[in-house]
**Student:** 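Can you keep this structure in mind? I'll have questions shortly.
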Amino acid sequence: MKIERYFILLILVIPVLILRDFTPNNELKYLSIVDEALRDGYFFTFYHQGELYADKPPLYFWLLMLSKWIWGEYNMFGLSLFSIIPALISVYIMNTWVEEKTTTSLRWNGSLMLFTSAFFIGSGLVLRMDMLMCMFILLALYTFYKRYSGKGQPRDRFLLPFYIFMAIFSKGPIGFIVPLITMLVFLLVKRDIRSFCRYFGWREWGILSGFCAIWFLGIYLEGGSTYLNNLLFHQTINRAIDSFDHKKAFWYYGVTFWYSVAPWSILYITTIVIAIKKKLLTTDKEKLFLSAIVSTFVILSLFSGKLDIYMLPLFPFFTYLTILLLPKIKEKWITFSVYIPVIALTIAPIVAFFIRNKFNVPDSPFIYVAIITLFIFSLIACYLLYRKQMYRAINCAALGILATLFTGAFALPRINPYIGFTAMAKEAYHICEEENIDHYYYYKFRSGENMDVYLKEEAIKVTNEDSLFNIYQKGDCMIFVKEKNVTRSPALANWIQQTHHEKIGNFYLIHPTLNTSSLYDQP
């Protein structure tokens, strides 16, 4: 597929990458962790607000450090490149993988479907390490397939364990489990399990173990046995057997799949089920893709800890197995499985228009442009389906989703104060600098501690109203209170009216001035 088309995909999401704010719960937390590591001189071990944080390997944090060194600050566009570029590379890997058996137009279908799958595009736009892991898993399995099909190069014996290590180094044990289990199941299907050591023998195990040993040694020298034990056992074995976090039922992924790869989930399942029923999976490539889907789905379902995003490495295989199988299937059910999401996309803008005032965010003309854009593209897709032009309809619906993101992104500057902390935290920092206020406090809301990225010092959590009133009475404080908490408490609402405050987004910034702090009487 021509390189220009990858640039089209990139350009259509650039406004989102440039204009959106950091999400408080994950992205701002990662930046806070990196700031702490840079301040304390850690490289292999990480801490959040002084507490051990062995949840994630260091690769992604190193990239965040690199970005800050290059830009001099946390630049949203620069940081987003570590997600969107791996997403585009993942699309490229899959297109290269299926190139022999598909046309350019069919690969463009696959690119658009994968890129617009809900959690794939979502992972490409947010600051997370999952897309990096997905890219390395695809590289590992593609390298295995090249060796299995006799097209490998001598360097692939090194690259296969290296890619698996990099997948582990990006996210954790999922990066090891997915490629190894897929290879084993595929060879079992091919009744060639004895050849496993030919592809992952002592040399490959030695390379993988060597990289892991260097990593673990770095952890031990910097964080000691406590950190290493937490990483290897608490964050891996305990999460798998009896998770302390994200504990879900066995059938969890059977439910989340439908919206994780929306709007194409019905098409994927319909195509694969028909192909299995009619025994249309005939090539090694198709069998490997199905092995990756089934084996990983089962093993992840067995683990105690589950998150929607853990399924990310499977989405490329769902998409491109569908692309390989579609030309073989002539059933009307296939067209019907595209009709359902296209009609839903046509109805969605109408619903969005009537409920737009339900969201507590400012109005913007770009929101209306985005709604109209999605409606027009979806309507055209419906017409193309009516004319029995299914592939063009898929392209039209997918491009409509991306065009909607492109136009709607220009509303983000107005919306950001309602979804992130940047606007209020920077304003608070500016006020505190002018009025010589030294202490920051926040009342009850989640992730307030991560504002230290902007405030340059820790904000202290306040958990009850009496403490809040007393802190304000003493003066020398900046207090953040969420509007939701104020509306739920008459005492808090009454108190706010008697304070010196500004409102930014969903938050009140409360700070006694030098002239009024001593005059306050506690309610």
**Student:** Do Asn95 and Ser111 pair up side chain to side chain, a donor and an acceptor below 3.5 Å, judged on atom types alone?
**Tutor:** yes

**Student:** So how far is it from Asp452 CG to Leu31 CG, rounded to the nearest 0.5 Å?
**Tutor:** 9.5 Å

**Student:** For the CZ atom of Phe61 and the CG atom of Leu66, what is their distance to the nearest 0.5 Å?
**Tutor:** 15.0 Å

**Student:** Go through the structure and list residues passing side chain to side chain donor-acceptor pair (under 3.5 Å) with Tyr508, not counting sequence neighbours.
**Tutor:** none

**Student:** Using side chain to side chain donor-acceptor pair (under 3.5 Å) as the criterion, list what pairs up with Asn450, not counting sequence neighbours.
**Tutor:** His48

**Student:** State which residues pass side chain to side chain donor-acceptor pair (under 3.5 Å) with Tyr227; sequence neighbours excluded, sorted by chain then number.
**Tutor:** none

**Student:** Would you please say whether a donor-acceptor pair under 3.5 Å links the side chains of Thr422 and Tyr454?
**Tutor:** yes

**Student:** Closer than 3.5 angstrom, by distance alone: can the side chain of Thr487 be matched with the main-chain N or O of Lys484 as a donor-acceptor pair?
**Tutor:** yes

**Student:** Do you know which of Ile219, Thr45, Leu52 makes side chain to side chain contact (heavy atoms under 4.5 Å, CB included) with Leu231?
**Tutor:** Ile219

**Student:** Please name all residues satisfying side chain to side chain donor-acceptor pair (under 3.5 Å) with Thr226, sequence neighbours left out, ordered by chain then number.
**Tutor:** none

**Student:** Provide the full list of salt bridge (Lys or Arg N to Asp or Glu O under 4.0 Å) pairs with a residue in residues 114-129, sequence neighbours left out, each pair given once.
**Tutor:** Arg128-Asp130

**Student:** Show me the pairs that pass side-chain hydrogen bond (donor to acceptor under 3.5 Å, both in side chains) and involve residues 362-375, at least two apart or across chains.
**Tutor:** Arg356-Tyr368, Asp363-Tyr368

